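The basis for the numbers below is simple: all heavy atoms, side chains too, and nothing from hydrogens, waters or symmetry mates. If you're wondering where the values come from, they're calculated on a predicted model, not measured in any experiment. Order of appearance sets the numbers: ligands from 1, and atoms from 1 within every ligand.
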Amino acid sequence: MKTELSRTLGIEHAIFGFTPFPAVAAALTRAGGFGVLGAVRYTAPDDLARDLDWMQDHTDGLPYGLDVVMPAKKVEAPGDQTLTEAEVEAMIPEEHRAFVRATLAKHGVPELAEGEASGWRITGWMEQVARSQLDVAFDYPIRLLANALGSPPPDVVARAHDQGVLVAALAGSPRHARHHADAGIDIVVAQGYEAGGHTGEIASMVLTPEVVDAVSPLPVLAAGGIGSGEQIAAGLALGAQGVWLGSVWLTTTEAELHSRALTAKLLAAGSGDTVRSRALTGKPARQLRTEWTDAWDDPAGPGPLPMPLQGLLVAEAVSRIQRYEVEPLLGTPVGQIVGRMNSERSVQQVVDELTRGFEKAVDRINRIAGRSEA
Ligand SMILES: Cc1cc2nc3c(=O)[nH]c(=O)nc-3n(C[C@H](O)[C@H](O)[C@H](O)COP(=O)(O)O)c2cc1C
C-alpha cells in the first residue's frame with residue numbers, strides 16, 4: 001500500500017496510527033506502518049524521555065512520530081500572561097466540584113488511598129506543558145510532529161522544519177485545513193465526526209474529499225471510522241494519501257489499558273455506544289457513552305466547563321473510577337469503529353488484516369470496473 005507520502009517517509013504501508021502507548025506505536029512502525037506516540041499524558045518530561053528512549057530501541061531505525069495537544073485558544077488571562085496550573089485550577093466553580101462529589105457518591109466510588117497519586121492527570125493541553133514535551137522530543141530523531149487542536153505556533157513549525165521534522169495537524173473542517181496550510185503545515189489529517197477523541201461535526205465521507213480539495217497539493221490522511229482494509233481503500237479513493245487510525249489500537253495486545261474491565265467494555269460495545277461529549281476535557285470528544293457522560297450531558301446538571309478546566313476538574317474522579325473499575329462510569333475516548341473491535345489481536349495481526357482487506361477491496365473495484373479477468 002504505497003503512496004507518494006509513504007515513499008517520502010520510507011514506510012511500507014500508508015497506515016499511520018495515533019496511540020498513547022509506546023509499545024503500540026513501536027509495533028506499528030515495525031509492522032511497516034507509522035506509529036505516532038501521543039504525548040498529552042506525559043506531565044513529567046523525564047517520563048517522555050524514558051519512553052522515547054524505549055521507542056528508539058524498539059523501532060529498528062524505522063520512522064515514528066510524536067503527537068502533542070496545543071490548543072489554538074488559551075485560557076483567558078489579563079495582559080496575555082501565562083497562568084500556572086494552580087491559578088487555572090482556582091477558576092473552577094464550587095458548584096462543579098460539588099457535582100463531581102455527588103456523582104461519585106451516587107455510585108459509591110471509593111477515595112484513592114492516602115498517598116496514592118491521581119494517575120489520570122492530563123495537563124498536556126496547557127501550552128507550557130506541551131512546550132516542555134517538545135523540548136524533550138526535539139532531542140530524538142522523530143520524523144513527524146502532529147498537533148491535535150489547531151495549527152502549532154509558527155516558532156514550533158519553524159523549529160520542526162529546521163530539524164527536518166514534518167508537521168501534521170488534525171482538521172475537522174475544510175476551514176481548519178486551509179488554516180493549517182497557511183501556517184506551513186506539511187500533512188493534514190482530515191478527522192471525521194465518527195472518530196475517537198476530539199472531533200468536529202462533519203463525517204469522514206464528506207470531510208476527506210473536501211479537505212483534499214481545500215489544501216491540494218498537500219497530502220491528506222483520512223481519519224475517523226477506519227478499522228478495515230476496505231475502509232482504507234475508501235479513504236484513498238476519496239483522495240487521501242494514507243490513513244490515520246486511533247481507536248483500533250486500543251484493543252491490541254500491546255495496548256496498556258488500565259483495566260481488563262475497560263477492555264471488555266470496548267470489545268462488547270457496538271458502533272452506537274459512543275457519544276460526542278464535553279465531559280472529559282471540556283471540548284467535544286467522542287468516547288464510550290457511560291453514566292458519567294450522561295451525568296455531564298444532563299441539562300439538569302451544571303454542564304461541563306471549558307478546556308482546560310474540565311480536564312483538571314475531573315482528573316481525580318477519572319482516576320478513582322479507573323482504579324476501582326466502577327463499571328457504569330468507566331469509559332475512554334473511542335470512535336464508532338468500536339463496533340468492529342471485537343477481539344484482542346496484536347498490532348501485526350491488525351496490520352496484516354488491514355492490508356489483506358485493502359487488496360480484496362482493490363480487486364473488487366477492479367472487477368467492477370472491468371479491469372481484471374477474475
Ligand atoms: C483514546 C484516544 C485518545 C486520543 N487522543 C488524541 C490526542 O491526544 N491527540 C490527537 O491528535 N488525537 C487524539 N485522538 C484522535 C486520533 O488521533 C485519531 O484522529 C482518531 O482516533 C481517528 O479516528 P478513529 O478513532 O475512528 O480511528 C485520540 C483518539 C483516541 C481513540
Side-chain angles (χ1 to χ4, degrees), residues 15-21 24-25 28 33-42 48 65-72 120 122-126 129-130 133 144-152 167-172 176 180 185 187-200 202-205 207-208 211 220-228 231-232 234-235 240 242-252 255-258 262-263 265-266 269 271 274 276 280-281 283-288 307-308 311 318 322 331-341 350 354:
I15 301 175
F16 294 71
F18 166 89
T19 171
F21 309 117
V24 175
L28 176 56
F34 192 99
V36 181
L37 178 66
V40 74
R41 73 190 170 95
Y42 293 92
L48 179 59
L66 190 83
D67 176 281
V68 294
V69 181
M70 269 192 177
W120 198 89
I122 294 188
T123 49
W125 49 63
M126 296 180 72
V129 179
Q133 293 165 346
L144 178 87
L145 174 70
N147 191 45
L149 296 174
S151 307
V167 182
L170 275 65
H176 285 157
H180 292 330
I185 268 77
I187 301 169
V188 177
V189 181
Q191 194 209 240
Y193 174 79
E194 312 88 315
H198 295 120
T199 182
I202 308 174
S204 299
M205 189 76 170
L207 181 70
T208 307
V211 170
V220 171
L221 299 176
I226 299 177
S228 73
Q231 288 162 326
I232 293 178
V243 289
W244 173 279
L245 282 57
S247 292
V248 286
W249 316 114
L250 291 175
T251 47
T252 56
E256 295 151 55
L257 278 192
H258 44 80
L262 183 57
T263 302
K265 250 182 139 170
L266 287 171
S271 50
T274 70
R276 189 170 165 271
L280 203 53
T281 68
K283 275 191 183 291
R286 186 168 299 286
Q287 53 201 288
L288 274 184
M307 180 183 254
V318 172
Q322 292 177 348
T332 176
V334 72
Q336 294 179 342
I337 197 66
V338 71
R340 287 183 75 113
M341 293 157 48
V350 172
L354 291 173

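With hydrogens and angles ignored, the 3.5 Å screen pairs a side-chain donor or acceptor of R41 with a backbone N or O of P20. Formation of a donor-acceptor pair under 3.5 Å by the T199 side chain with backbone atoms of G192 is found in this model.
Taking the side-chain contact (heavy atoms from CB on, under 4.5 Å) definition, one finds that S247 meets it with V334, I337, M341, sequence neighbours left out. With sequence neighbours excluded, the residues satisfying side-chain contact (heavy atoms from CB on, under 4.5 Å) with S204 are E194, T208. Residues satisfying the side-chain contact (heavy atoms from CB on, under 4.5 Å) criterion with T19, sequence neighbours excluded, are F21, V24, A25.
In this structure, W244 and V36 have side chains that are in contact, with non-hydrogen atoms separated by less than 4.5 Å.
Protein residues having at least one heavy atom under 4.0 Å from any atom of ligand 1 are F18, V40, D67, V69, A148, L170, Q191, A195, G196, G224, G225, W244, L245, G246, S247, P333, listed by chain and number.
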